[in-house]
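Inspection log for the structure reproduced underneath, given as structure tokens.
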Amino acid sequence: MNNPKTLFDKIWDAHVVREVPGDRQVLYIDRHFIHEVTSPQAFAGLKERGLPIFRKEKIVATADHNIPTINQHLPITEPLSRKQVDTLTDNCSEFDIPLFGMGHDKQGIVHVIGPEQGITKPGMTIVCGDSHTSTHGAFGSIAFGIGTSQVEQVMASQSLILDRPKTMRITIDGNLSAGVSAKDIILYIISKLTTSGGTGYFVEYAGEAIRALSMEARMTICNMSIEMGARGGMIAPDDTTYTYVNGREHAPKGDQWDAALAYWKTLYTDDGAKFDAEYNYDAADISPMITYGTNPGMGIAINGVVPQLKDHKALDYMGLNEGEYLVGKEVQHVFIGSCTNARIEDLRQVADFVKGKHRAANIKVMVVPGSKAVEAQAKEEGLDQVFLSAGFELRSPGCSACLGMNADKIPAGEYCVSTSNRNFEGRQGPGARTLLASPLTAAATAIYGKIVDVRHYLS
Amino acid sequence: MEPINQLTSTAVPLPIEDVDTDQIIPARFLKAVTKHGFGDNLFRDWRYDNTDQPIPDFVLNNDTYHGSVLVAGKNFGCGSSREHAAWALADYGFKVVISSFFADIFKGNAMNNGIVPITVSDAQLDEIFKSIEADPETQFDLDLNQQTLKVNGLVINFDIDAYKKDCLIKGHDDIDYLISLKSEIESFEANQVIY
Ligand code: SF4
């Protein structure tokens with residue numbers, strides 16, 4: 001092949017409207033998701049400038065960050081949250097944008113609803129004023145988070161002025177061991193590359209172990225690309241992708257499907273294409289992972305010890321010591337939720353593990369589905385009953401304790417094993433101590449009342 | 001956006017690495033629907049205790065340090081895409097942030113709000129922190145057009161994207177340029193097959 005290209009380059013090049021003097025390009029955006037937190041100032045900016053929305057049919061809105069996860073049929077009581085959600089509702093009706101607001105049967109976390117409705121598809125450019133937009137890259141699309149100024153720019157022009165990121169490929173070959181999941185893969189990668197190792201890069205995940213993952217597991221991986229600083233992450237589409245997309249509400253149908261499929265099949269990295277950086281890992285080396293510190297790069301194998309650090313700030317905050325084992329440590333909370341791990345497969349995996357067991361007396365467990373559709377599916381499969389008998393609280397969808405903008409917070413000083421993506425100081429509430437882990441590790445922690453190596457408890 | 005080109009100021013040191021956007025502005029303060037007033041909650045949980053009393057150890061509560069330049073440890077602004085972080089810094093009065101490494105989205109957000117992010121080497125950052133420690137009144141001289149920062153005899157030539165530099169100096173944002181491309185964007189769309 002004359003000019004081998006990476007998957008990233010193929011999609012990016014197909015979206016360049018023009019070059020801008022000074023090394024930048026105008027990139028066309030196919031899909032724009034918005035939510036209540038990062039859009040109000042963009043709408044206000046447009047109104048101030050007297051600008052219309054350029055392509056309202058390319059925008060999809062949902063309310064997720066602020067909304068309560070109980071009594072969703074009642075108005076939001078917290079006045080500022082209510083105002084933000086109401087502002088989104090008003091803006092969407094003023095500008096005629098479809099909104100999956102509170103109470104809507106398709107409402108959910110923005111990065112959960114896009115894929116499940118078939119809005120997210122291979123080959124697209126997708127943005128949202130939210131860093132975990134990288135999730136959508138799992139379909140073989142270029143998806144990345146933007147700031148509110150850029151939200152306004154996309155509303156006004158369906159385009160952005162961007163510098164072209166560098167490319168990185170992370171290849172995971174081999175097979176995962178029992179008890180190890182996609183969440184462990186990505187926590188492992190971030191622990192190797194650190195929270196800044198991916199800065200300036202767009203990452204493609206490749207290799208046998210990635211190919212073997214379900215679509216939902218691929219989303220978990222791409223979701224956390226931002227936690228190593230990367231602009232986004234992506235996985236080449238394959239049969240797993242097509243099967244997932246096919247038949248969903250916004251998926252192409254009939255002849256359109258055939259044409260789409262023919263195009264999607266050209267979306268892979270050509271042999272011999274060059275990446276600016278490459279890393280290779282073996283899936284067999286990956287154990288269940290857990291974080292001990294205050295950024296997602298501070299992760300260790302579950303049976304490891306807290307390492308020596310040059311700065312003790314993170315350990316002081318976490319109330320942990322160097323050389324300490326996390327296995328056996330008592331925690332007070334387990335949170336199963338967020339755009340990383342609140343899809344139906346995550347809930348099934350948790351239910352499967354906890355079926356016939358009961359949570360330990362010292363632990364409060366919140367299970368927050370990623371969307372209304374996930375919630376409905378869970379109920380249809382009877383997972384709600386499994387959770388109920390296990391003493392787990394199944395709540396209604398939203399971002400919830402992932403970032404504590406609603407009432408779901410972890411009290412100061414208490415520990416929470418969480419399936420979310422960020423363990424920053426105060427992320428789950430002021431003073432909250434977050435330990436990131438997989439749904440399976442979280443489930444096992446809830447049952448045994450302390451952090452355990454789930455591999456010892458698999459039947 | 002306010003234009004910025006030359007600036008002389010003292011600086012506030014924050015020698016902490018990996019400062020994430022949840023520290024710059026915690027999520028519970030993201031509920032506003034305007035861009036104003038975020039400065040009060042800048043670094044909220046480091047600045048105030050849980051009874052809302054200022055924590056004397058934190059640099060923003062220490063009168064010794066002041067000015068419109070913030071000097072921070074490596075990997076400043078990692079985490080969320082919230083532009084509220086840039087709004088909080090701007091609202092507080094910071095016009096320049098110096099670090100040896102910036103997270104991508106933060107850097108873009110800063111420039112879209114008239115804040116100049118200046119990347120220096122680890123060694124230069126060290127030296128800058130030492131200068132401020134030795135004399136909190138150390139002056140920082142920025143010349144954006146020349147891409148130079150002078151600190152205590154140290155002259156740093158920094159890199160900045162040519163397009164963004166021009167925007168900062170003129171106080172322009174991207175939207176004006178993008179709107180001028182309307183017909184070009186429309187013809188791009190006409191040729192695009194999407195599914
Ligand atoms: S679940 Fe958490 S990470 Fe995901 S969009 Fe909501 S707040 Fe952001």
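A note on names: the letters A, B, ... follow the listed sequences, proteins ahead of strands, and every chain is numbered from 1.
Interface residue R427(A): backbone and side-chain heavy atoms are both found under 4.5 Å from chain B. Contacts between F144(A) and chain B at a heavy-atom distance below 4.5 Å are absent for every atom of the residue. In this structure, the portion of I226(A) lying under 4.5 Å from any heavy atom of chain B is its side chain and not its backbone. Proximity to chain B (any heavy atom under 4.5 Å) is shown, for H15(A), by both the backbone and the side chain. Of the two parts of T34(B), only the backbone, made up of N, CA, C and O, holds a non-hydrogen atom closer than 4.5 Å to a non-hydrogen atom of chain A. Contact annotation for D18(B): only side-chain heavy atoms (C-beta onward) come within less than 4.5 Å of a heavy atom of chain A. When heavy atoms are compared at a cutoff of 4.5 Å, Y177(B) approaches chain A solely by way of its side chain, counted from C-beta outward. For E184(B), the parts lying near chain A are the backbone and the side chain together; criterion is any non-hydrogen pair under 4.5 Å. Of the atoms belonging to A14(A), it is backbone heavy atoms, and not side-chain ones, that fall under 4.5 Å from chain B. For chain A, the nearby parts of D104(B) are the backbone and the side chain; heavy atoms of each come within less than 4.5 Å. Using a 4.5 Å cut-off between heavy atoms, I105(B) touches chain A through its side chain atoms alone. Contact annotation for E36(A): neither backbone nor side-chain heavy atoms come within less than 4.5 Å of a heavy atom of chain B. Only the side chain of V26(A) comes within contact range of chain B, with heavy atoms under 4.5 Å apart. Only the side chain of D176(B) comes within contact range of chain A, with at least one heavy atom under 4.5 Å from a heavy atom of that chain. In this structure, the portion of K164(B) lying under 4.5 Å from any heavy atom of chain A is its side chain and not its backbone.
Side-chain contact between I161(A) and Y163(B) is present, with at least one heavy-atom pair separated by less than 4.5 Å. You'll find the side chain of F188(B) stays beyond 4.5 Å of the side chain of V16(A), heavy atoms only. Between E189(B) and F54(A), some side-chain heavy-atom pair lies under the 4.5 Å cut-off. Looking only at side-chain heavy atoms (C-beta outward), R28(B) and P430(A) come within less than 4.5 Å of each other. A 4.5 Å side-chain heavy-atom check between Q192(B) and D30(A) finds at least one atom pair inside the cut-off. Annotation: side chain of E17(B) is in contact with side chain of K310(A) (closest heavy-atom distance under 4.5 Å).
Remark: side-chain polar atoms of K31(B) are not paired, donor with acceptor, to backbone N or O of V37(A) under 3.5 angstrom. Judged by distance alone, the side chain of E425(A) and the main-chain N or O of Q23(B) form no donor-acceptor pair under 3.5 Å.
Judged by distance alone, the side chains of S149(A) and D174(B) never bring a donor and an acceptor atom under 3.5 Å apart.
Heavy-atom contacts from other residues, nucleotides or ligands closer than 6.0 Å to NZ of K313(A) number more than 12.
Residue-level contacts of residues 41-51 of chain A with chain B, in order of numbering, are Q41(A), R49(A), L51(A); threshold 4.5 Å between heavy atoms. Residues of residues 82-90 of chain A that come within less than 4.5 angstrom of chain B, heavy atom to heavy atom, are K83(A), Q84(A), T87(A) in numerical order.
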